[in-house]
Amino acid sequence: MKHVVVLTGAGMSAESGIATFRDSGGLWEQYKIEDVATPEGFARNPQLVLDFYNQRRKDAFVARPNEGHIGLAQMEAEYKMSIITQNVDDLHERAGSSRVLHLHGELAKVRSTANPGLIYELTPDKAEIHLGDKAEDGSQLRPHIVWFGEAVPMIEEAMNIVQTADILVVIGTSLNVYPAAGLLQYAPTRTPVYLIDPNEVRTSQSYVHFIRKGASEGVRELRRLLRNAL
Ligand code: APR
């Protein structure tokens, strides 16, 4: 079976009603990154940060996988599929994808501020954390999210996965944020790349086949192209 490695970003979940970051009306037009997505912001005003993620978590819990998520999950019948996502929602998993690596953390999880290994799962009926909610080690709970300036613990594993790709697919990411965007360079030379995005995305990558469509229609076209190519 060919190994298809898929790198997804916020645009993958746009058709599920979850806001992207850098499109017009995106999250970074409504909030300042330094206030809600950095350790300094959390130290300065922890309740603002907790509320920001509480709201995004509740939005993600009510969102549903779109045809793009479902199409990728269905591809597991034809290919070895590895999803590397920058997204913190669990829509890939809920669509049925079995191998999903979250580079930037997961909204459904929270963790001790003192010990990153102490991780807890939230549920739709227990979707919020507040100041004073503590881990078993007595420290304040925080979102299990990689903030700007923090290490990306899964990046090594992601590099290893990309190095074994027969086909690389990029869906719904502006390729603005590193190290995630740098993963493309780890694909073996001449690996075909399919980039699904309704807007233009600049990349220095070669062998790119642009599919200028949204995730749902784009994944349908991708599956047709791969069937004809292989
Ligand atoms: N289908 C596919 N792609 C879409 C759709 C859609 N329906 N709608 C928008 N897009 C595309 C946009 O054109 C854009 O290229 O999704 C991309 C979203 O880009 P960003 O908002 O920059 O999101 P992303 O690339 O995932 O951001 C990376 O930045 O803020 C950090 O940690 C955050 O993981 C995030 C990282």
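Atoms within a ligand are numbered from 1 in the order they appear, just like the ligands themselves. Just so it is clear, the structure is predicted and the values come from calculations on it, not from any experiment.
- Checked by atom type, the side-chain pair Gln55/Asp59 shows a donor-acceptor distance below 3.5 Å.
- Contact between Asp197 and ligand 1 is present, with at least one heavy atom of the residue lying under 4.0 Å from the ligand.
- Annotation: Phe21 places an N or O atom under 3.5 Å from an N or O atom of ligand 1; distance criterion only.
- Side chain to side chain, Ser24 and Glu29 fail the donor-acceptor criterion of an N or O pair below 3.5 Å.
- Taken from CD in Glu121 to NE2 in His144, the straight-line distance is 9.5 Å, to the nearest 0.5 Å.
- Close contacts between ligand 1 and Phe148 involve ligand atoms 30 (O), 31 (C) [criterion: under 4.0 Å to a heavy atom].
- When only non-hydrogen protein atoms are considered, atom 30 (O) of ligand 1 lies nearest to Trp28 NE1, 2.8 Å.
- With respect to atom 32 (O) of ligand 1, the closest heavy atom belonging to the protein is His104 ND1, 3.3 Å.
- Among protein heavy atoms, atom 28 (C) of ligand 1 sits closest to Gln86 OE1, 3.2 Å.
- If you look at Arg22 next to ligand 1, the close heavy atoms, those under 4.0 Å, come from the backbone and the side chain alike.
- Considering backbone and side-chain N/O of Ala215, one or more are found under 3.5 Å from N/O of ligand 1.
- When only modelled atom types and interatomic distance are considered, His3 and Thr164 share a side-chain donor-acceptor pair under 3.5 Å.
- Within the 4.0 Å heavy-atom criterion, the part of Val177 lying near ligand 1 is the side chain and not the backbone.
- Ser174 N, 3.4 Å is the protein heavy atom nearest to atom 19 (O) of ligand 1.
- Residues Ser98 and Glu76 bring a donor and an acceptor atom of their side chains to less than 3.5 Å of each other.
- Across the listed options Gly172, Ala180, Gly9, Gly172 owns the non-hydrogen atom lying nearest to atom 18 (C) of ligand 1.
- Salt-bridge formation is detected for the pair Arg224/Glu217: a Lys NZ or Arg NE/NH1/NH2 atom is positioned less than 4.0 Å from an Asp or Glu carboxylate oxygen.
- With respect to atom 23 (O) of ligand 1, the closest heavy atom belonging to the protein is Ala10 CB, 3.6 Å.
- Between the choices Gly26, Gly11, Gly218, the shortest heavy-atom distance to atom 6 (C) of ligand 1 belongs to Gly11.
- Using modelled atom types and a 3.5 Å distance limit, the side chains of Glu15 and Ser216 yield a donor-acceptor pair.
- Nearest to atom 7 (N) of ligand 1 among the protein's heavy atoms is Glu15 OE2, 2.9 Å.
- Annotation: Asn176 places no N or O atom under 3.5 Å from an N or O atom of ligand 1; distance criterion only.
- Considering backbone and side-chain atoms alike, Asn87 places every N or O at 3.5 Å or more from each N or O of ligand 1.
- If you number the atoms of ligand 1 from 1 as listed, the ones under 4.0 Å from a heavy atom of Asn199 come out as 12 (C), 13 (O).
- Counting only heavy atoms of the protein, atom 9 (C) of ligand 1 lies nearest to Asp23 OD2, 3.2 Å.
- With respect to the salt-bridge test (charged N to carboxylate O, under 4.0 angstrom), the residues Glu106 and Arg56 do not qualify.
- Taking any N or O of Ile171, backbone or side chain, none lies under 3.5 Å from an N or O belonging to ligand 1.
- Under the 30°/60° scheme for interplanar angles, the aromatic rings of His69 and His92 are found to stand perpendicular.
- Exactly one of Val6, Ile167, Val169 qualifies for a side-chain contact (heavy atoms from CB on, under 4.5 Å) with Leu222. That residue is Val169.
- Looking at Tyr194 and Glu221, their side chains never bring a donor and an acceptor atom within 3.5 Å of each other.
- Ser112 and Asn115 share no donor-acceptor pair across their side chains, judged by distance under 3.5 Å alone.
- For atom 25 (O) of ligand 1, the nearest protein heavy atom (residue, atom name, distance) is Thr173 OG1, 2.7 Å.
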